[in-house]
Protein chains: 2
Amino acid sequence: MITERQQELLQFLESTQRRTGFMPSTREIQEHFGFASQTAAVSHLRALERKGLIRRAPGKARALVLETTPEREPLIDVPVYGHIPAGFGESVAPVTEGTLSVDARSLGVNPRAKLFGLKVRGESMIGAHILDGDHVILEIKEPRNRDIVAALIDGETTLKRFVLNRRQPFLKAENPRFPDLIPARELQVQGVLVGLIRGASSSAFA
Amino acid sequence: MITERQQELLQFLESTQRRTGFMPSTREIQEHFGFASQTAAVSHLRALERKGLIRRAPGKARALVLETTPEREPLIDVPVYGHIPAGFGESVAPVTEGTLSVDARSLGVNPRAKLFGLKVRGESMIGAHILDGDHVILEIKEPRNRDIVAALIDGETTLKRFVLNRRQPFLKAENPRFPDLIPARELQVQGVLVGLIRGASSSAFA
DNA sequence: GGCACCACCGGATATCTGTTCTGGTCTGTG
DNA sequence: CACAGACCAGAACAGATATCCGGTGGTGCC
């Protein structure tokens, strides 16, 4: 299915991307393999594209993308935010604290959904089995009744259950020790809970 | 430290890379922001480089690398088992139902640890905030007192808390409706809980 | 006011880079 | 044998791309 030379080329693409962060140009491929002509490099690239192993954007420089193995194809990278400022979703970009990677299938989310992550602080949602230190994954979309959402209250983001009571939304903690929150004016929902990841350091496991 | 415009640029770089697989050129940046001159895009890139947020290779096309979020490297693939047969760990290979990928850092586990996954059935561990349908990740190692473990009872694998009572181990459910299990002869612990992943389809979110 | 940034415009230039064309050798395969 | 396909040389072209130059206007600071 794939020839030895093409395998070498594919390996060179992969290692170059890992080393430098971007793809080699046709001339860099040519030089690496000692070709006297670019045609050799180009024809190999075309062969790889024809076999579906890479994708190319015509006319654009270094526009190669490896078609990774379909085994863990729908991998999603979720940015984890520390705080989410008020203007989120419009112009102000939040501060990224790290990234979290999961495959979309086992999480059961759409790979193209707009997602972000937060680290849970406090035990206000322990009734919904969400603990202090858990990572929650949220999708940016409109909340429905009884969804768990991240919302902005007094300049701080908190995780609560979104409840509609006679068309009036309020936020309900899943812990009797925490009070319900009725928004003073406007309720800013930043995301709807779609996933949860609990790590080894969680106190629940010890 | 970083201006609003530069943050926008950084976000555009990130989203473009995720969408297309490679970085935008200066002209594509220019077009996206509606600049009339490339200089605007270039000066922003230079500012981001000066602040250490991106790296550039001089003279090369699309040779941008984000210095932020470089780490997706320690990604681990965990096989998810349907049932675990008795001989597990010695010779018999269990039936794989799928694979689950997470980055090791956010899970807080050793990337080289021997891990496997199970899908939780039933609500016997609800007191430890583990729900029906959750995916749990287990490490193959010796259990310590009060670890949550996957153990073999009567030919079936169940998740329970491992408790030592006067050097005699037994299994405790975290749900008063389930009885404790005292092993008849030998207790076969197959793995120790180190992580948990809850997906969008979980009933806890709806 | 000077000074250092930031955010841009407008134009020019060199070079980087993909693409195309015309050849060639070798290895299979029907 | 003819034919297809992988693998390569050599050269030229056109578009894509980064870079450099000089300028404008604004903000904040000492």
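Keep in mind that the numbers below use all heavy atoms, side chains included, and drop hydrogens, waters and symmetry copies. Just so it is clear: chains get the letters A, B, ... in the order the sequence lines come, proteins before strands, and each one is counted from 1.
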Please confirm whether the shortest side-chain N or O distance from [X] to OP1 or OP2 of [N] is below 4.0 Å.
| X | N | answer |
| --- | --- | --- |
| A/S25 | C/dT17 | yes |
| B/H44 | C/dC6 | no |
| B/T26 | D/dA18 | yes |
| A/S43 | D/dA6 | no |

What nucleotide, of [options], holds the atom closest to the side chain of [X]?
| X | options | value |
| --- | --- | --- |
| A/R62 | D/dT17, C/dT17, D/dC8 | C/dT17 |
| A/F35 | C/dT17, D/dA9, D/dT17 | D/dA9 |
| B/R56 | D/dT19, C/dC9, C/dT19 | D/dT19 |

What is the separation between atom [atom1] on [X] and atom [atom2] on [N], rounded to the nearest whole Å?
| X | N | atom1 | atom2 | value |
| --- | --- | --- | --- | --- |
| A/E31 | C/dC16 | CD | P | 11 Å |
| B/R27 | C/dC16 | CZ | P | 15 Å |
| B/F33 | C/dC9 | CZ | P | 13 Å |
| B/L64 | D/dT17 | CG | C1' | 12 Å |
| A/E49 | C/dG18 | CD | C1' | 12 Å |
| A/F22 | D/dA18 | CZ | C1' | 13 Å |
| A/Q30 | D/dG10 | CD | C1' | 10 Å |
| B/I29 | D/dA16 | CD1 | C1' | 14 Å |

Next on the checklist: Let me spell it out: for each of B/A47 and B/G59, pick the nucleotide of DNA chain C with the closest heavy atom. Which residue's pick is nearer the 5' end?
Outcome noted: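 Nearer the 5' end of the strand: B/A47.
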query = Relative to the 5' end of DNA chain C, which residue comes earlier, A/P58 or B/R5, by the nucleotide with the nearest heavy atom?
reply =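 Result: B/R5.
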The contact string for nucleotides 20-30 of chain D, one letter per nucleotide 5' to 3', using protein heavy atoms under 4.0 Å with B, S and - for base, sugar-phosphate only and none, comes out as BB---------
Going 5' to 3' through nucleotides 25-30 of chain C and flagging B where a protein heavy-atom sits under 4.0 Å of the base, S where only the sugar-phosphate is that close, and - otherwise, we get ------
Self-check item: Distance flag, aromatic centroids of A/F12 and A/F33, threshold under 6.0 Å
Solution: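 Yes, ring centres under 6.0 Å apart.
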So, with a heavy-atom separation below 4.0 Å from DNA chain D, the residues of residues 6-14 of chain A are A/Q6
Could you go through the side chain to side chain contact (heavy atoms under 4.5 Å, CB included) check for A/V136 and A/I148 one step at a time? CA-CA 11 Å; A/V136 287; A/I148 295 174; over 6 Å; no
Judged by atom type as modelled, is there a donor-acceptor pair below 3.5 Å linking the side chain of [X] to the main-chain atoms of [Y]?
| X | Y | value |
| --- | --- | --- |
| B/R198 | A/H129 | yes |
| A/R56 | A/L64 | no |
| B/H44 | B/A40 | yes |
| A/R62 | B/A61 | yes |
| B/N175 | B/S124 | no |
| A/Q168 | A/N165 | no |
| A/Q17 | A/E14 | no |

Check: Is atom NZ of B/K114 surrounded by more than 12 heavy atoms (other residues, nucleotides or ligands) closer than 6.0 Å?
Finding: no
message = Assess whether a salt bridge exists between A/R5 and A/E8, defined as any Lys/Arg side-chain N lying under 4.0 Å from an Asp/Glu carboxylate O.
response = yes
Side-chain contact, heavy-atom cut-off 4.5 Å: B/I2 with B/L53? yes
Side chains of A/L118 and A/H135 in contact at under 4.5 Å (non-hydrogen atoms) | no
Contacts of A/A40 and A/R50 projected onto DNA chain D by closest heavy atom; the upstream (5') one is A/R50
Of A/K51 and A/A36, the one whose closest nucleotide on DNA chain D sits nearer the 5' end is A/K51
